[in-house]
Amino acid sequence: MKILIYKWDIFLYNDIIDELKEQGHFTDVLAFPVKNHIKDTAFEEKLSGCLENGSYNAVFSVNYFTAISNVCLKYKTRYICWTCDAPLAGMRNPSIFNTVNTIYIFDKKEYLYFKNQGADTVKYLPLAGAPERINRLLSKNAASTCKYLYDISFVGNLYDKNRYDEMVSLFPQYLCGYMDCAIEAQLNVSGGNIINLMLTSEIMDNAERYMDLKQENSEGGDLKLWFATSVLSYKAASVMRRQAINSLSHIADMHLFTTSRTDGLNKAIVHPPVKYHSEMPLVFASSKINLNMTIPNIEDGIPLRVFDVLSAGGFLLTDYRPGLLELFDINKDLVVYDGIEDLKDKAVYYLKHSKERELIAANGHNKLKKLHTYKQRIKTMFSF
């Protein structure tokens, strides 16, 4: 099969392309920048030129682009995509019903939302890991990799640059107070998102009096959904991650690998960011405990970080999402925490019980190798 891949700056592509080639597909890559996911004339002309001259069986992208779907519909070319972010404002668009689409959604709640809208173009498909690639990397670096170099590690963004902090100076005190309460309430919810529910029509109307939110929401769509996910959820994630890191810093050496500002994290051991393919797996394999904190936007999906840690054979301590129960055995393949105090208690326990911790890490790695690799996912997506 000949596949045109629209590639943008996200980690999944290398593993996807490698696996497509491994399974005998021919791939070309289009990396032309998209300025607007819904309508982008320059991009659409570029993609049209490729489809006119390339004889492709399908176009593939990570995440959904209305601009791609509409061009594929014009040329009667199958469009396959696989989401890794949720919710995607660009999917709240009639183009999802285009008959050329097969949209694989990693967040089950998002999948059910579109399914209930009557979209038979959507399918549920969790993300995946690359244990074979990572095992080769670990074997190559075995001599220089120290097992359990770190007590607890977190690799990721603290979202210190978020739109809420930019907007808050424009809002009156009562509105800021309400937003802060919504964020605080979200911190007490495990495995769900209540911010969208707290943004009433009255609150959104008041916010629009002080800022042109429609202009900020450049791709259009549901303004409340955009504000909840692109503004308040990122602020909630920032607060949540800082609280967790500070709490864990008091019980063990807490190592943080990030590009974010780290002021206020006085006891955390801060490292430069690590490269996704060549360095991050070494951190996971060298940590007694690896921490995953899912952004509230993702209500019932398993983020890529879970698969990354298990691919490297690392022990994972993660917050709860219902989808975990479908793919893994809790407390056998990985461990779930519920709130900051539970996180601290479980971190203390598993730092002390190394044999139990190592068995769970091995189980999670073996489960992923057997059921949740790019090999299985690519076969699912390109089995037509």
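The shown structure was predicted, so the numbers you read here are calculated from the model rather than taken from an experiment.
Taking CG of D85 as the reference point, atom CD of E110 lies at 10.5 Å (rounded to 0.5 Å). Atom OH of Y6 is separated from atom CD1 of I68 by 6.5 Å, given to the nearest 0.5 angstrom. Annotation: the span from K161 atom NZ to S260 atom OG amounts to 8.5 Å, rounded to 0.5 Å. For the atom pair CG (L47) and CD (E52), the distance works out to 10.0 Å, reported to the nearest 0.5 Å. Taken from CZ in R133 to OG1 in T373, the straight-line distance is 12.0 Å, to the nearest 0.5 Å. In this structure, CG on L175 lies 10.0 Å from CG on D180, to the nearest 0.5 angstrom.
Residues satisfying the side-chain contact (heavy atoms from CB on, under 4.5 Å) criterion with Q23, sequence neighbours excluded, are E19, H25, K375, I378, K379.
For the residue pair N290 and S153, no side-chain donor N or O sits within less than 3.5 Å of a side-chain acceptor on the partner. Using modelled atom types and a 3.5 Å distance limit, the side chains of N292 and T294 yield a donor-acceptor pair. If you check the side chains of N98 and N70, you find a donor sitting under 3.5 Å from an acceptor.
A salt bridge between D40 and K35 is absent, with no side-chain N of the basic residue lying under 4.0 Å from a carboxylate O of the acidic one. At a threshold of 4.0 Å, the pair E299-K108 does not count as salt-bridged, since none of the basic side-chain nitrogens sits closer than that to a carboxylate oxygen. A salt bridge is defined here as a Lys NZ or Arg NE, NH1 or NH2 lying under 4.0 Å from an Asp or Glu carboxylate O, and D107 with R321 fails to meet this definition.
Heavy atoms of other residues, nucleotides or ligands lying less than 6.0 angstrom from NZ of K346 number more than 12. Within a 6.0 Å radius of NZ in K46, other residues, nucleotides and ligands contribute 12 heavy atoms or fewer. Within 6.0 Å of atom NZ in K2, more than 12 heavy atoms from other residues, nucleotides or ligands are found, so the atom counts as buried in its surroundings. Shown here is E132, whose CD atom has no more than 12 heavy atoms of other residues, nucleotides or ligands within 6.0 Å. Around the NZ atom of K109, the shell of radius 6.0 Å holds no more than 12 heavy atoms that belong to other residues, nucleotides or ligands.
A donor-acceptor contact shorter than 3.5 Å is absent between the side chain of D329 and the backbone of K332. When atom types are taken as modelled, the side chain of D151 and the backbone of I289 share no donor-acceptor pair closer than 3.5 angstrom. Remark: side-chain polar atoms of R377 are paired, donor with acceptor, to backbone N or O of L127 under 3.5 angstrom. At least one donor-acceptor pair under 3.5 Å links the side chain of S233 to the backbone N or O of A228. Using a distance-only test at 3.5 Å, with no hydrogens or angles considered, a donor-acceptor pair links the side chain of N193 to the main chain of I195. Judged purely by atom type and a 3.5 angstrom limit, S238 has no side-chain atom pairing as donor or acceptor with the backbone of Y234. Remark: the backbone N or O of G314 is not paired with any side-chain donor or acceptor of H365 at under 3.5 angstrom.
Nearest heavy-atom pair across A347 and I152 is CB-CD1, 4.1 Å. The nearest pair of heavy atoms linking G313 to A361 is O-CB, 3.6 Å. Nearest approach of A312 to L138, heavy atoms of both residues: O-CD1, 3.7 Å. Closest of all the heavy-atom pairs between L199 and K224 is O-CD, 2.8 Å. In this structure, P87 and N297 approach most closely via the heavy-atom pair CD-O, 3.8 Å. Residues L170 and Y210 come closest through the heavy atom pair O-CB, 3.5 Å.
Counting heavy atoms from C-beta on, the side chains of Y350 and V335 come closer than 4.5 Å. Side-chain contact check for N63 versus C84: some heavy-atom pair is nearer than 4.5 Å. Taking 4.5 Å as the limit, some side-chain heavy atom of R242 sits within range of a side-chain heavy atom of D263. Put simply, the side chain of T41 reaches to within 4.5 Å of the side chain of E45, judged on heavy atoms. Annotation: side chain of Y150 is not in contact with side chain of M254 (no heavy-atom distance under 4.5 Å). Annotation: side chain of F65 is not in contact with side chain of N36 (no heavy-atom distance under 4.5 Å). You'll find the side chain of F11 stays beyond 4.5 Å of the side chain of V62, heavy atoms only.
Classified by interplanar angle (parallel below 30°, tilted 30° to 60°, perpendicular above 60°), the ring pair Y111/Y124 is tilted.
In the hydrophobic clustering of this structure, L310 groups with I330; members are Ile, Leu, Val, Met, Phe, Trp, Tyr whose side-chain heavy atoms approach within less than 4.5 Å, directly or through other members. Connection of F26 to Y13 is not established within any shared hydrophobic cluster, with ILVMFWY side chains joined at heavy-atom distances below 4.5 Å, either directly or through further cluster members. Transitive grouping of hydrophobic side chains (ILVMFWY, heavy atoms separated by less than 4.5 Å) keeps V189 and I340 in distinct clusters. Taking hydrophobic clusters as Ile, Leu, Val, Met, Phe, Trp and Tyr residues chained together by side-chain heavy-atom distances below 4.5 Å, V168 shares a cluster with M179. Note on F257 and Y159: same hydrophobic cluster, where clusters join Ile, Leu, Val, Met, Phe, Trp and Tyr whose side-chain heavy atoms are under 4.5 Å apart, directly or indirectly.
A centroid separation of 6.0 Å or more is found between the aromatic rings of F307 and Y374.
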Audit row: L4, L51, side chain to side chain contact (heavy atoms under 4.5 Å, CB included) steps and yes/no: CA-CA 9 Å; L4 178 64; L51 296 185; 4.2 Å; yes
CA sep, side-chain torsions, deciding dist, call: L291, L248, side chain to side chain contact (heavy atoms under 4.5 Å, CB included): CA-CA 10 Å; L291 186 61; L248 292 172; 3.7 Å; yes
Test side chain to side chain donor-acceptor pair (under 3.5 Å) applied to Y276 and D308, step by step: CA-CA 9 Å; Y276 178 83; D308 291 335; 2.7 Å; yes
Side chain to side chain contact (heavy atoms under 4.5 Å, CB included) between Y178 and M198, intermediate numbers included: CA-CA 9 Å; Y178 187 91; M198 297 186 68; 4.0 Å; yes
Side chain to side chain donor-acceptor pair (under 3.5 Å) evaluation trace for Y148 with E358: CA-CA 11 Å; Y148 304 143; E358 291 173 9; 3.2 Å; yes
Side chain to side chain contact (heavy atoms under 4.5 Å, CB included) evaluation trace for H271 with L256: CA-CA 6 Å; H271 301 263; L256 174 61; 5.9 Å; no
Step-by-step side chain to side chain donor-acceptor pair (under 3.5 Å) determination, N162 to D165: CA-CA 6 Å; N162 59 78; D165 288 339; 3.1 Å; yes
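Among residue pairs with one or both ends in residues 69-96, those qualifying as ring-ring contact (aromatic ring centres under 6.0 Å, His included) are Y64-Y79; sequence neighbours excluded.
Judged by a 6.0 Å distance limit and a 45° cone about the ring axis, R92 is positioned over the six-membered ring of Y113.
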